[in-house]
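Only one structure is covered here, and it is reproduced in the block below.
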Amino acid sequence: MAAPLPNEGRLLDDVALRQYRDEGYVVLGSLLTADEILALRAEEERFRLPVGFGTEKNQNLRVNIQLCHRSEPIRRFCTAGPQLPLLAQLAGPDLCLTHQQFVTKLPDGPGENSDIPWHQDNGYGRLEPMTDVTVWVPLVDTDASNGCLQVVPGSHRQGLLDHGSAGINPVLREAHRVGDALEVPLAAGEGIAFSGLTLHASGPNGSGQVRPAFYVRYCNPATTLVGEDGSQRPVLEDPHSWMVRGEA
Ligand SMILES: O=C(O)CCC(=O)C(=O)O
């Protein structure tokens, strides 16, 4: 069931802002109408890659990235969605979109897994400074049965952790989890915002139904992209990085 959209113009209150600061995540409420969820689900199916992200065992994890320039519903959400005024409260008035992707878990059978191990987003594409914020929105209702998002509240305060190749899926990276995991069940279209240093993960999809989700990461336009080799370049030099609010 899609949750009703929050009132137009609603902003995060002090409790929510404190939660983001202290725990590194905050649930934003509903960000998509029922029609927008359907439109994004159709786009997820249209762009779904025929192969999994990982080894033979991980064929149920489908990830397709940077589709904003190819899709009106994706572009509308990323550049004009109701999350933007809320993110401005969390990350400042000038916001640049830097990465978006569908993350889909097909139903896992025995011996298959679409798990995403514990990681920080800066353990993948590293940004400097690490003040980025990600919004994650499931396109169906999610709970532990289909691999809802999990976070470690407060983990952002540990700074950037070491990441290695994940045992369960060598294409993915994994950090040692320090702290207690919290499952965050969300209704279709509800969003969670978490910092680029917040440990998060998701388990297998044992539901028998596809679990599509949309992920979008924003940062300040003065941010630098740090390559694997330590090279640095301004985020706005990347063709997928667009201003969505304020000025660069
Ligand atoms: O969609 C999911 O299950 C989690 C996605 C995620 O953790 C990521 O893309 O960083």
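Quick caveat, the model's predicted, so the values are computed rather than measured.
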Report yes or no: does D94 contribute a side-chain atom to a donor-acceptor pair with the main-chain N or O of N220 at less than 3.5 Å?
no
Go through the steps for L32 and L139 under the test side chain to side chain contact (heavy atoms under 4.5 Å, CB included), then give the verdict.
CA-CA 9 Å; L32 294 167; L139 303 175; 3.9 Å; yes
More than 12 heavy atoms of other residues, nucleotides or ligands under 6.0 Å from NE2 of H69: is that the case?
yes
Within a radius of less than 6.0 Å around CG of D162, do more than 12 heavy atoms belonging to other residues, nucleotides or ligands occur?
no
N146 side chain to S207 main-chain N or O, any donor-acceptor pair under 3.5 Å?
no
Would a distance-only check, ignoring hydrogens and angles, find a side-chain to backbone donor-acceptor pair under 3.5 Å from K105 to L61?
no
Does one hydrophobic cluster hold both L31 and L90, with members joined at side-chain heavy-atom distances below 4.5 Å?
yes
Are I192 and L17 connected in the hydrophobic side-chain network, where two residues link if heavy atoms are under 4.5 Å apart?
no
Ignoring hydrogens and geometry, is there a side-chain-to-backbone donor-acceptor pair from D141 to A188 under 3.5 Å?
yes
Tell me the closest heavy-atom pair linking V63 and Q101, and the distance in Å.
CG1-OE1, 3.8 Å
Residue of the set E45, R41, R62, E44 for which side chain to side chain donor-acceptor pair (under 3.5 Å) holds with T104:
E44
Parallel, tilted or perpendicular: which fits the ring planes of H119 and Y124, with parallel below 30° and perpendicular above 60°?
perpendicular
CG/D115 to CG/L172 distance, rounded to the nearest 0.5 angstrom?
9.5 Å
Checking S71 against E43 for the side chain to side chain donor-acceptor pair (under 3.5 Å) test, could you report, in this order, the C-alpha distance in whole Å, the side-chain angles of both residues, the deciding distance, and whether it holds?
CA-CA 8 Å; S71 161; E43 291 299 75; 2.7 Å; yes
Donor-acceptor contact below 3.5 Å, side chain N205 vs main chain Q209:
yes
My understanding is that only residues two or more places apart in sequence, or in another chain, count here; which of them pass side-chain hydrogen bond (donor to acceptor under 3.5 Å, both in side chains) with R76?
E72
Smallest separation among heavy atoms of G123 and L160, with atom names:
N-CD1, 3.9 Å
Measure the shortest side-chain to side-chain distance between I74 and F102 over non-hydrogen atoms and say whether it is less than 4.5 angstrom.
yes
d(T55 OG1, N169 CG) to nearest 0.5 Å is 6.0 Å
I'd like to check V103 versus R211 (side-chain heavy atoms, cut-off strictly below 4.5 Å). Are they in contact?
yes
Closest heavy-atom pair, C148 versus S202, reported as atoms and distance to 0.1 Å, is O-CB, 3.5 Å
Looking at D238 and R233, is any side-chain nitrogen of the basic one under 4.0 Å from a carboxylate oxygen of the acidic one?
yes
In one Ile/Leu/Val/Met/Phe/Trp/Tyr side-chain cluster, 4.5 Å: V184, F214
no
Going by atom type alone, with no hydrogens or angles, which donor-acceptor pairs under 3.5 Å involve a side-chain atom of residues 240-248 and a protein atom two or more places apart or on another chain?
from: S241; atom 1: OG; to: V235; atom 2: O; distance (Å): 3.1
from: W242; atom 1: NE1; to: P239; atom 2: O; distance (Å): 3.3

Y218 side chain to A91 main-chain N or O, any donor-acceptor pair under 3.5 Å?
no
Taking the side chain from E23 and the backbone from Y20, do they hold a donor-acceptor pair closer than 3.5 Å?
no
Give a yes or no on this: more than 12 heavy atoms of other residues, nucleotides or ligands lie within 6.0 Å of atom CD of Q232.
yes
Could you check whether any side-chain N or O of Q59 sits under 3.5 Å from a backbone N or O of E112, counting only pairs where one atom can act as donor and the other as acceptor?
no
Non-hydrogen side-chain atoms of L199 and L161 separated by less than 4.5 Å:
yes
As a quick check of understanding, evaluate side chain to side chain donor-acceptor pair (under 3.5 Å) for Y215 and Q100, giving each step before the final call.
CA-CA 5 Å; Y215 162 115; Q100 4 92 32; over 6 Å; no
If I compare all heavy atoms of L127 with all of C219, which pair ends up nearest, and what's the gap?
CD1-CB, 4.1 Å
Could you grab the distance from atom NE2 of H156 to atom CG of N122, nearest 0.5 Å is fine?
13.0 Å
Quick check on the hydrophobic clustering: are L95 and V216 connected, directly or via other members, by side-chain heavy-atom contacts under 4.5 Å?
yes
Do L149 and L182 sit in one hydrophobic cluster, given that two such residues count as connected whenever their side-chain heavy atoms are within less than 4.5 Å of each other, even indirectly?
yes
T142 side, atom OG1; L186 side, atom CG - distance, nearest 0.5 Å:
4.5 Å
Selection residues 165-182 - residue pairs positive for salt bridge (Lys or Arg N to Asp or Glu O under 4.0 Å), sequence neighbours left out
R173-E228
As an exercise, state the distance from NZ of K57 to OG of S114, rounded to the nearest 0.5 Å.
12.0 Å
Hey, could you give me the CG/OG1 distance between L84 and T79, rounded to the nearest 0.5 Å?
7.5 Å
